[in-house]
Trainee: 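Attaching a single structure in structure tokens format; questions to follow.
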Amino acid sequence: MHRNLGGENMKIVDLRSDTVTQPTPAMRDAMYRAEVGDDVYGEDPTINRLERMGAERMGKEAALFVVSGTMGNLVAFLTHCGRGDEVILGNHSHTFLFEQGGMAALGGITPWPIPNQPDGTLRLEDIEGAIREENVHFPRTRLVCLENTHNMCNGTPLTAECTAQVARLAHTHGLRVHLDGARIFNAAAALGVDARELVQDVDSVMFCLSKGLCAPVGSLLCGSADFIAEARRARKVLGGGMRQAGLLAAAGIVALEQMIDRLAEDHVRAKRLAEGLKGIPGVEVAPVTTNILYFWLTKEVSKTPEEVVDALAGRGVLLLGRELGRFRAVTHYWISDADIETAIEAVRAALT
Ligand code: TLP
């Protein structure tokens, strides 16, 4: 991306998120040609195809196209739970921290946050301890929600075994499991497994097309045919019934066909960025396993995070500076090897 700053055409290295990704030329072409229809009548052939492909990729019976990851998670909560039900989730999960408490605000569902371990997992004892007994004073526990990869926990992927253990425990207690799999294909790439293995034990999974996969809009919620039929109602009441949105789904199809197999490249670049940053005095870097990298400054550095973010922006490098006291940089399709070197040098310069 280029931006015109004060007359100079500066290349911008945008590491704030993989949500900033522009659609690829193949996506724009597919959008232009997409066959469309009224999706509320189930008549958009491109959306129908994308939903079939998404379900197949997750090994589930059906899928629902929604505008965002936030909507996909909320639709899942509204479908699994009724008013007064409770959801057990991680205290650093996106669903708890960054979705406006939508489940409570719009669904009358209470979240019960339990500690996320540094690798994004939830301890089985903590889950078990949070499950409510039948008692007239208590809400009813209905659902456990996991996140893979875990955004705030260094983008760490959750293994299939870990997810299976949680699902076994939840199902034994008659609970369901929803997975916020916004970056599930990054998890699969990092672990070297098929994404189906990572989601086979959960009752529903949401994944995003509009992050590392570069589609401009959209996520897919996947689960059993019955679950998705109910979810379609929840999406509609939220105002998320779209009409000729096959224009958007067309880009999603390209995302699934062309953008998954290359995600490992983003992980390599994130690791190179980590290596480079580690060489800069005053910088500490968290372990990197996927495309999300966190770093922070040691006490010896006198600059505030805001000053550092501003200094970097002045050099054309954008990243987030206030993520629980850490900086976040996320690699994606539009970040090249050269951009990584630019970012490393910009951080070095910003700190001296
Ligand atoms: N995450 C965004 C911000 O909201 C923080 C980002 O830049 O990382 N689940 C996870 C794990 C996410 O990281 C996000 C977006 C969502 C859900 C929500 O997706 P959207 O933005 O499509 O609503």
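Computed from heavy atoms alone, side chains included, the values below leave out hydrogens, waters and symmetry copies. Each ligand, and each atom within it, is numbered from 1 in the order the structure gives.
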Trainee: Number the atoms of ligand 1 from 1 as they appear, then name those within less than 4.0 Å of a heavy atom of S68, with their elements.
Mentor: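 Once the distances to S68 are compared, the set is 22 (O), 23 (O).
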
Trainee: Check each of H92, R328, H94 against N151 using the side chain to side chain donor-acceptor pair (under 3.5 Å) test, and report the only one that passes.
Mentor: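 In the set H92, R328, H94, the residue that makes a side chain to side chain donor-acceptor pair (under 3.5 Å) with N151 is R328.
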
Trainee: Has ligand 1 got any nitrogen or oxygen that is less than 3.5 angstrom from a nitrogen or oxygen of S210?
Mentor: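 Between S210 and ligand 1, no N or O pair is found under 3.5 Å apart.
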
Trainee: Any heavy atom of E99 closer to ligand 1 than 4.0 angstrom?
Mentor: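 Flag set, E99 near ligand 1.
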
Trainee: Ignoring angles and geometry beyond distance, decide whether K211 reaches within less than 3.5 Å of ligand 1 through its nitrogen or oxygen atoms.
Mentor: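 By distance alone, the answer is yes.
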
Trainee: Tell me if the centroids of the rings in Y294 and F327 come within less than 6.0 Å of each other.
Mentor: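 No: the rings miss the under 6.0 Å criterion.
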
Trainee: Less than 4.0 Å is my threshold; does some heavy atom of M71 fall inside it relative to ligand 1?
Mentor: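 Flag not set, M71 not near ligand 1.
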
Trainee: Check ligand 1 against R328 and write out every atom of the ligand that is under 4.0 Å from a heavy-atom position of the residue.
Mentor: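 So the atoms of ligand 1 that pass are 6 (C), 7 (O), 8 (O).
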
Trainee: Return a yes/no value for R16: is any of its N or O atoms, backbone included, closer than 3.5 angstrom to an N or O of ligand 1?
Mentor: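 Looking only at distances, the answer is no, because the N/O contact criterion of under 3.5 Å is not met.
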
Trainee: For residues 246-258, which residue pairs qualify under salt bridge (charged side-chain N to carboxylate O under 4.0 Å, His left out), counting only residues two or more places apart or in two chains?
Mentor: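 Checked against salt bridge (charged side-chain N to carboxylate O under 4.0 Å, His left out) - neighbours excluded - the pairs reaching residues 246-258 are R49-E257.
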
Trainee: Taking atom 17 (C) of ligand 1 as the point of reference, which of E147, R183, H94, H150 owns the nearest heavy atom?
Mentor: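 Considering heavy atoms of E147, R183, H94, H150, the nearest to atom 17 (C) of ligand 1 sits in H94.
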
Trainee: Can you name the closest pair of heavy atoms from S17 and R183 and give their distance?
Mentor: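 Looks like OG-NH2, 4.2 Å.
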
Trainee: Check whether any N or O atom of N73, backbone or side chain, sits under 3.5 Å from an N or O atom of ligand 1, and answer yes or no.
Mentor: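 Between N73 and ligand 1, no N or O pair is found under 3.5 Å apart.
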
Trainee: For a salt bridge (Lys or Arg N to Asp or Glu O under 4.0 Å) check, start with the C-alpha distance between R269 and D339, then their side-chain angles and the critical distance, and finish with the verdict.
Mentor: CA-CA 9 Å; R269 292 197 177 97; D339 293 336; over 6 Å; no

Trainee: Below 4.0 Å from ligand 1: does a non-hydrogen atom of M152 turn up there or not?
Mentor: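 Not so, M152 does not reach ligand 1.
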
Trainee: A quick test of your reading: do over 12 heavy atoms of other residues, nucleotides or ligands sit less than 6.0 Å from CZ of R262?
Mentor: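 Counting neighbours around CZ of R262, more than 12 heavy atoms of other residues, nucleotides or ligands fall under 6.0 Å, so yes.
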
Trainee: R176: which residues meet the side-chain contact (heavy atoms from CB on, under 4.5 Å) condition with it, sequence neighbours left out?
Mentor: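 Counting only residues at least two positions away or on another chain, R176 forms a side-chain contact (heavy atoms from CB on, under 4.5 Å) with H80, L143, D203.
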
Trainee: Geometry only, no angles: is G69 polar-contacting ligand 1 at N/O separations under 3.5 Å?
Mentor: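 In this structure, G69 places an N or O atom under 3.5 Å from an N or O of ligand 1.
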
Trainee: Minimum heavy-atom separation for A34 and L247, please, with both atom names.
Mentor: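 What the structure gives for the nearest pair is CB-CA, 4.2 Å.
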
Trainee: Report yes or no: do S68 and T70 form a side-chain donor-acceptor pair below 3.5 Å?
Mentor: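 Result is no, nothing qualifies.
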
Trainee: What I want to know is whether T149 and ligand 1 share at least one N or O pair that is separated by under 3.5 angstrom.
Mentor: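 No: no nitrogen or oxygen of T149 is under 3.5 Å from one in ligand 1.
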
Trainee: Check whether any N or O atom of S219, backbone or side chain, sits under 3.5 Å from an N or O atom of ligand 1, and answer yes or no.
Mentor: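 Looking only at distances, the answer is no, because the N/O contact criterion of under 3.5 Å is not met.
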
Trainee: For ligand 1, which part of N151 has a heavy atom less than 4.0 Å away: the side chain, the backbone, both, or neither?
Mentor: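 The answer is the side chain.
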
Trainee: Within ligand 1, which atoms have a heavy atom of S17 less than 4.0 Å away?
Mentor: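 Near S17, meaning under 4.0 Å from one of its heavy atoms, ligand 1 has 6 (C), 7 (O), 8 (O).
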
Trainee: If the cut-off is 4.0 Å to any non-hydrogen atom of T70, which atoms of ligand 1 fall inside it?
Mentor: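 Every atom of ligand 1 under 4.0 Å from some heavy atom of T70: 18 (C), 19 (O), 20 (P), 23 (O).
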
Trainee: Which pair of non-hydrogen atoms, one from P157 and one from A190, has the smallest distance, and what is that distance?
Mentor: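 Looking at all heavy atoms of both residues, the closest pair is CG-CB, 4.1 Å.
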
